[in-house]
Amino acid sequence: MDKENLIEKFINHVSIEKNLSPNTVDAYRNDILKFKNFLENKNISLNKLGSEDITSFIIFLKKKNYSSTSIVRILSGVRNFYKFLIARGYIKNKEIYIETPKVEKKLPEVLSKEEVQKILSVDKISRKHIRNLAILELFYSSGLRVSELCNLKIEDINFDEGFIKIKGKGGRERISLLNKETVELLKKYLNERKPSVNGYLFLNNQGKKISRQSIWKIVKKYAKYAGIEKNVKPHTLRHTFATHLLSEGLDLRVVQELLGHKSIATTEIYTHLDRKKIKELYKKFHPRA
């Protein structure tokens, strides 16, 4: 069986059996195609693949100026692809060592409370202002991912109790809370917009589900109008949501649950963002500080 067919079988596996998100599946496909093209250019078959070939692939990626983070992601896909081929009997079981480059953990950029307020206080700049403001409020109050916000439906919102049901990565469901201001803004938006025939909460000008690209543009535009010089992206508001909750003393595991992180190790990066608060508490409570 040729590499193209094997890749498609693996993609079907992660898409259907593993139920991974479309974005994750696309990332797997793109990364494994890079590996396939490399093997074909070097005339290397999957059955004869060795550790030295993986090393050559890493060197190739570095010469192409891929970052350590990208290389780690690509190798993770290659590793899972190789395990799949062995498990299904497409290739012989052969031990291969895949050395993963070390990646420096970059702390995500976050906004101060004052910067968030500036963005949420931008004067009306379009006829879609109420929708855009609802999107920004929801990002900051609930810590949603972009894809989660795009796929949010009206039926997922409990206006009386103030929470939303979210289907996150890997099909995992969770509950995220809404403050009163966000609830009122969402109600105002729903009263002003045209009825939805597909059930999605946020719509574009054609009445269809809003796209990721549109949301990126909205966030960028409002940050610019607010005079924020930081590189503000939708995920910046998610990072800010988590950081502000932790700075106010919310338990790390509760934040993990609200963000939908499978591992608490992913959430722990936010604990490094509040060193100033830790120093203040240390000085306040330590007898010899």
Side-chain angles (χ1 to χ4, degrees), residues 4 6-36 66-67 69-85 87-88 100 103 106 108 135-136 138-157 163-177 196 198-204 208-219 233-242 255-270:
E4 288 284 355
L6 291 175
I7 290 173
E8 285 308 309
K9 286 186 177 295
F10 175 70
I11 292 302
N12 287 334
H13 166 69
V14 296
S15 176
I16 299 170
E17 296 179 34
K18 293 291 185 180
N19 194 29
L20 298 183
S21 71
N23 291 329
T24 303
V25 172
D26 286 343
Y28 265 125
R29 186 193 302 276
N30 292 333
D31 291 342
I32 294 169
L33 283 174
K34 291 183 182 72
F35 184 57
K36 165 190 165 289
Y66 282 92
S67 67
T69 304
S70 296
I71 293 174
V72 168
R73 188 200 68 234
I74 292 168
L75 291 178
S76 175
V78 169
R79 187 182 290 109
N80 288 328
F81 177 52
Y82 191 72
K83 287 179 180 179
F84 168 80
L85 296 179
R88 296 299 171 90
T100 304
V103 178
K106 291 184 178 180
I135 286 172
L136 295 167
L138 197 52
F139 266 135
Y140 179 58
S141 67
S142 301
L144 297 176
R145 299 178 177 94
V146 182
S147 57
E148 293 169 348
L149 189 138
C150 288
N151 293 318
L152 200 61
K153 293 194 172 184
I154 299 172
E155 65 186 29
D156 298 325
I157 307 172
F163 69 83
I164 51 177
K165 292 186 295 183
I166 306 162
K167 191 171 184 180
K169 285 187 175 181
R172 296 190 298 274
E173 291 190 354
R174 72 181 190 277
I175 297 294
S176 194
L177 305 177
S196 170
N198 51 27
Y200 288 107
L201 175 61
F202 294 114
L203 308 178
N204 61 20
K208 298 179 181 179
K209 179 177 73 171
I210 196 168
S211 68
R212 294 164 59 92
Q213 291 80 5
S214 294
I215 291 177
W216 270 72
K217 289 177 181 177
I218 289 166
V219 173
K233 299 175 285 188
H235 225 61
T236 306
L237 293 169
R238 177 171 160 87
H239 294 321
T240 302
F241 161 81
V255 177
Q256 175 195 1
E257 188 69 25
L258 292 173
L259 290 172
H261 286 161
K262 188 175 182 181
S263 169
I264 198 167
T266 309
T267 318
E268 281 177 342
I269 189 171
Y270 297 107

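- Rounded to the nearest 0.5 Å, atoms NZ (K36) and CZ (R29) are 12.0 Å apart.
- Considering only heavy atoms from C-beta on, I215 stays 4.5 Å or farther from F202 through its side chain.
- Listed by chain and residue number, T182 satisfy the side-chain hydrogen bond (donor to acceptor under 3.5 Å, both in side chains) test with S141 (two or more places apart in sequence, or in another chain).
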Exercise for the section: Please lay out, stage by stage, how K165 and I175 fare under the test side-chain contact (heavy atoms from CB on, under 4.5 Å). Expected result: CA-CA 5 Å; K165 292 186 295 183; I175 297 294; 3.5 Å; yes

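- Separating the OG1 atom in T69 from the CD1 atom in I74 is a distance of 11.0 Å, to the nearest 0.5 Å.
- Rounding to the nearest 0.5 Å places CD1 of I11 at 11.5 Å from CG of L6.
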Practice task
Go through the steps to decide whether W216 and K233 satisfy the test side-chain contact (heavy atoms from CB on, under 4.5 Å), and finish with yes or no.
Solution key: CA-CA 6 Å; W216 270 72; K233 299 175 285 188; 3.5 Å; yes

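- With sequence neighbours excluded, the residues forming a side chain to side chain contact (heavy atoms under 4.5 Å, CB included) with L177 are F163, listed by chain and number.
- Each of N151, I154, L149, I135 was evaluated against L201; a single residue qualifies, I154, per the side-chain contact (heavy atoms from CB on, under 4.5 Å) test.
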Handout entry: Test side-chain contact (heavy atoms from CB on, under 4.5 Å) applied to V146 and C150, step by step
Key = CA-CA 6 Å; V146 182; C150 288; 4.3 Å; yes

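- Applying the 6.0 Å contact sphere to NZ of K167 captures no more than 12 heavy atoms from other residues, nucleotides or ligands.
- In this structure, CG in L152 is found 6.5 Å from CG in L138, a value given to the nearest 0.5 Å.
- Under the side chain to side chain contact (heavy atoms under 4.5 Å, CB included) criterion, R73 pairs with D31, S70, not counting sequence neighbours.
- Scored by the side-chain hydrogen bond (donor to acceptor under 3.5 Å, both in side chains) test, S214 finds S211 as partners (sequence neighbours excluded).
- Side chain of S142 to main chain of S176: no donor-acceptor pair is present (N/O by atom type, distance under 3.5 Å, no hydrogens or angles).
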Practice task
Could you check Y200 against I210 for side-chain contact (heavy atoms from CB on, under 4.5 Å), going step by step and ending with a plain yes or no?
Solution key: CA-CA 9 Å; Y200 288 107; I210 196 168; over 6 Å; no

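- In this structure Y28 satisfies the ring-ring contact (aromatic ring centres under 6.0 Å, His included) test together with F10, sequence neighbours excluded.
- The line from CG of L259 to CZ of R174 is 7.0 Å long, rounded to the nearest 0.5 Å.
- Remark: H13 engages F84 in a ring-ring contact (aromatic ring centres under 6.0 Å, His included) (not counting sequence neighbours).
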